[in-house]
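To start, the structure under review is shown below, and the notes come after it.
It should be emphasised that the depicted structure is a prediction, and the values quoted were computed from it without experimental measurement. These values consider heavy atoms only, across backbone and side chains, with no hydrogens, waters or symmetry-generated copies.
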Amino acid sequence: PDLVVVDAQIDESGCPVRLVLRARIANAGSAGVRAGMNVSFYRGSIASPGALLGTVTTTEPLLPGASTIVMISVDRAPTRWGCTKGQPFP
């Protein structure tokens, strides 16, 4: 499978108690992918990943070019994020 993140957002409406992280996962490959693929969220960046925040699974199969949104709720927002709306993933 060739799954890629094509968009990521942070819902800060529950900040500073909780953040909801959302990622749109797309199938950039030439074959379909079954439901139930693991998607992990980490604190940090792709170049320098930090602690694992959690793992969720996709709920639907993805044909080539298709995408789906996965999300995870993170309790007690890390103070580094500072609850500033509109910021990308740290």
Side-chain angles (χ1 to χ4, degrees):
D2 192 4
L3 300 180
V4 295
V5 176
V6 294
D7 185 38
Q9 299 176 349
I10 301 172
D11 177 352
E12 298 175 315
S13 61
C15 202
V17 177
R18 177 176 296 113
L19 294 176
V20 177
L21 310 178
R22 290 186 182 91
R24 180 174 294 278
I25 307 300
N27 182 354
S30 59
V33 177
R34 65 177 172 78
M37 299 298 291
N38 288 334
V39 177
S40 296
F41 289 81
Y42 292 86
R43 184 172 180 172
S45 66
I46 292 173
S48 180
L52 175 67
L53 296 173
T55 299
V56 295
T57 56
T58 58
T59 59
E60 56 192 88
L62 296 175
L63 295 175
S67 67
T68 189
I69 295 175
V70 294
M71 64 182 81
I72 188 169
S73 178
V74 179
D75 291 333
R76 295 191 185 133
T79 55
R80 164 176 169 219
W81 287 348
C83 298
T84 53
K85 296 187 186 287
Q87 296 296 315
F89 276 16

CG-CG distance between Asp2 and Asn27, expressed to the nearest 0.5 angstrom: 7.0 Å
Taking a hydrophobic cluster as the set of Ile, Leu, Val, Met, Phe, Trp and Tyr residues connected by side-chain heavy atoms closer than 4.5 Å, whether directly or through intermediates, do Val5 and Leu3 fall within one such cluster? yes
Taking all atoms of both residues into account, what is the closest heavy-atom pair of Gly29 and Pro64, and its distance? O-CB, 3.3 Å
Output, in order, the C-alpha distance, side-chain angles, deciding distance and verdict of side-chain contact (heavy atoms from CB on, under 4.5 Å) for Asp11 and Gln9. CA-CA 7 Å; Asp11 177 352; Gln9 299 176 349; over 6 Å; no
State, with a plain yes or no, whether a side-chain heavy atom of Val70 is found less than 4.5 Å away from one of Phe41. yes
Do Val74 and Leu21 have side-chain heavy atoms sitting under 4.5 Å apart? yes
For Asp7, enumerate each residue passing the salt bridge (charged side-chain N to carboxylate O under 4.0 Å, His left out) test, keeping only those at least two apart in sequence or located in another chain. none
Please name the pair of heavy atoms, one in Asp75 and one in Arg18, separated by the smallest distance, quoted to 0.1 Å. OD1-NE, 2.9 Å
Mind checking the OG-CG spacing from Ser30 to Leu63? Nearest 0.5 Å is all I need. 12.0 Å
Are Ile10 and Val39 linked, directly or through other ILVMFWY residues, by side chains that come within less than 4.5 angstrom of each other? yes
N/O donor-acceptor pairs under 3.5 Å from side chains in residues 55-62, not counting sequence neighbours:
| from | atom 1 | to | atom 2 | distance (Å) |
| --- | --- | --- | --- | --- |
| Thr55 | OG1 | Ser40 | OG | 2.8 |
| Thr58 | OG1 | Gly36 | N | 3.1 |
| Thr58 | OG1 | Met37 | N | 3.0 |
| Glu60 | OE1 | Thr68 | OG1 | 3.4 |

As an exercise, state the distance from CZ of Arg24 to CD1 of Ile69, rounded to the nearest 0.5 Å. 4.0 Å
Show which residues join Val6 in its hydrophobic cluster (side-chain heavy-atom contacts under 4.5 Å, direct or indirect), or state none. Val4
For a quick test of reading the model, state the closest non-hydrogen atom pair linking Tyr42 to Gly50 and the distance between them. CD2-O, 3.5 Å
